[in-house]
A.B. asks: 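Okay, handing you the structure first.
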Amino acid sequence: AQSVTQLDSQVPVFEEAPVELRCNYSSSVSVYLFWYVQYPNQGLQLLLKYLSGSTLVKGINGFEAEFNKSQTSFHLRKPSVHISDTAEYFCAVTPPAGGGNKLTFGTGTQLKVEL
Amino acid sequence: DAGVIQSPRHEVTEMGQEVTLRCKPISGHDYLFWYRQTMMRGLELLIYFNNNVPIDDSGMPEDRFSAKMPNASFSTLKIQPSEPRDSAVYFCASSLKGLVVYEQYFGPGTRLTVT
């Protein structure tokens, strides 16, 4: 079984400042890793994913994440945030095989960008 | 494509009433997932289907909940009788395998309020 821990439930940040949202996972097998974003009153959208290869992955809206196998982490970063990045961010994992890649989600991190 | 379609977007009902939530997945997707999102428990997977067949319903809270997928383009989640603790946002997602992994696409959700 897999589990995902998002250590910060809320992260306030000023516009144009950098941000890092933390995600740690636990699994007895290798996993694929995802970050999803949920804007207010909307469903979840895929931001980026790590499957294999380069440990630094780039996603939409200027976000990137780095996979660290030794620390079992997949932290999300953006060098300069915008007001429009205010949303809830979910980290998720799935084992490579079976179940249509059923996702296990973290509890989410609310990013609030302030002027 | 129109994306995953859910109806209704909002539902307010009284305790004891039957509630039916509907989902139309993206055409061609072979997996369909039902999730529930609450402040207390976050995002929980309730049940998922593969090619219209239920694969794992271990997340369904109790017998009051049932889900069906009579064909590839329609699924329902029914709660009978409803209780105030069922108040939540219910998401439907569908997925299709890309080069390596299935990617889930979420609908906008149905916000259920049981009074």
Side-chain angles (χ1 to χ4, degrees), chain A residues 1-10 21 23 25 27 29-54 57 59-60 65 67 74 87-110, chain B residues 2-7 9-10 21 23-26 28-59 69 88-111:
Chain A
Q2 297 81 42
S3 66
V4 178
T5 302
Q6 292 184 246
L7 296 168
D8 306 303
S9 59
Q10 293 187 21
L21 306 183
C23 171
Y25 68 94
S27 177
V29 299
S30 61
V31 293
Y32 296 142
L33 296 142
F34 303 79
W35 275 100
Y36 280 82
V37 59
Q38 183 181 26
Y39 297 105
N41 301 313
Q42 295 186 27
L44 280 70
Q45 304 178 25
L46 181 64
L47 260 184
L48 50 79
K49 60 182 181 283
Y50 173 77
L51 305 179
S52 65
S54 173
V57 292
I60 61 172
F67 170 61
F74 189 54
E88 187 146 24
Y89 293 78
F90 293 90
C91 183
V93 301
T94 185
N101 296 120
K102 183 175 71 170
L103 293 169
T104 299
F105 285 91
T107 51
T109 297
Q110 179 66 44
Chain B
V4 176
I5 299 172
Q6 292 187 247
S7 64
R9 292 294 310 276
H10 302 272
L21 311 181
C23 175
K24 177 179 169 54
I26 294 173
H29 284 197
D30 53 353
Y31 277 85
L32 183 138
F33 303 80
W34 280 102
Y35 293 89
R36 178 172 68 177
Q37 185 180 39
T38 61
M39 289 291 291
M40 292 298 294
R41 301 174 68 92
L43 201 61
E44 304 173 275
L45 176 64
L46 299 177
I47 185 172
Y48 73 97
F49 296 82
N50 176 220
N51 292 325
N52 313 336
V53 176
I55 302 301
D56 183 353
D57 65 355
S58 60
M69 192 165 186
V89 181
Y90 291 81
F91 289 103
C92 175
S94 67
S95 69
L96 178 71
K97 190 167 185 181
L99 287 176
V100 175
V101 67
Y102 282 84
E103 295 186 10
Q104 291 191 24
Y105 294 81
F106 283 74
T110 294
R111 183 174 296 277

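Each chain gets a letter, A, B and so on, in the order its sequence line appears, and its residues count up from 1.
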A.B. asks: As an exercise, state the distance from NZ of Lys102(A) to CG of Asp56(B), rounded to the nearest 0.5 Å.
C.D. replies: 4.0 Å
A.B. asks: Quick one: closest heavy-atom pair of Tyr36(A) and Gln104(B), and the distance?
C.D. replies: OH-O, 3.4 Å
A.B. asks: Please classify the contact of Leu46(A) with chain B as side chain, backbone, both or neither, using a heavy-atom distance under 4.5 Å.
C.D. replies: side chain
A.B. asks: Heavy-atom distances under 4.5 Å only: say whether Gln45(A) touches chain B with side chain, backbone, both or neither.
C.D. replies: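 No part of Gln45(A) comes within 4.5 Å of chain B.
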A.B. asks: Report the residues that fulfil side-chain contact (heavy atoms from CB on, under 4.5 Å) with Ala92(A), sequence neighbours left out, ordered by chain and then residue number.
C.D. replies: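 Scan of Ala92(A) (side-chain contact (heavy atoms from CB on, under 4.5 Å), adjacent residues dropped) gives Phe34(A), Leu103(A), Phe105(A).
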A.B. asks: Would you call Asn41(A) and Arg111(B) a side-chain contact if the rule is heavy atoms closer than 4.5 Å?
C.D. replies: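 Asn41(A) reaches Arg111(B) side chain to side chain.
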A.B. asks: Locate the shortest heavy-atom distance separating Phe90(A) from Gln37(B); write the atom from each residue and the value.
C.D. replies: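 Shortest heavy-atom contact: CZ-NE2, 3.3 Å.
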A.B. asks: Residues in side-chain contact (heavy atoms from CB on, under 4.5 Å) with Gln2(A), at least two apart?
C.D. replies: Ser27(A), Val29(A), Val31(A), Val93(A), Pro95(A), Thr104(A)
A.B. asks: Answer with side chain, backbone, both or neither: which region of Glu44(B) has an atom nearer than 4.5 Å to a non-hydrogen atom of chain A?
C.D. replies: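 Neither part.
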A.B. asks: Examine whether an atom of Tyr105(B) lies under 4.5 Å from a heavy atom of chain A, and if so say whether it belongs to the side chain, the backbone or both; otherwise answer neither.
C.D. replies: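 It is neither, since no heavy atom gets under 4.5 Å.
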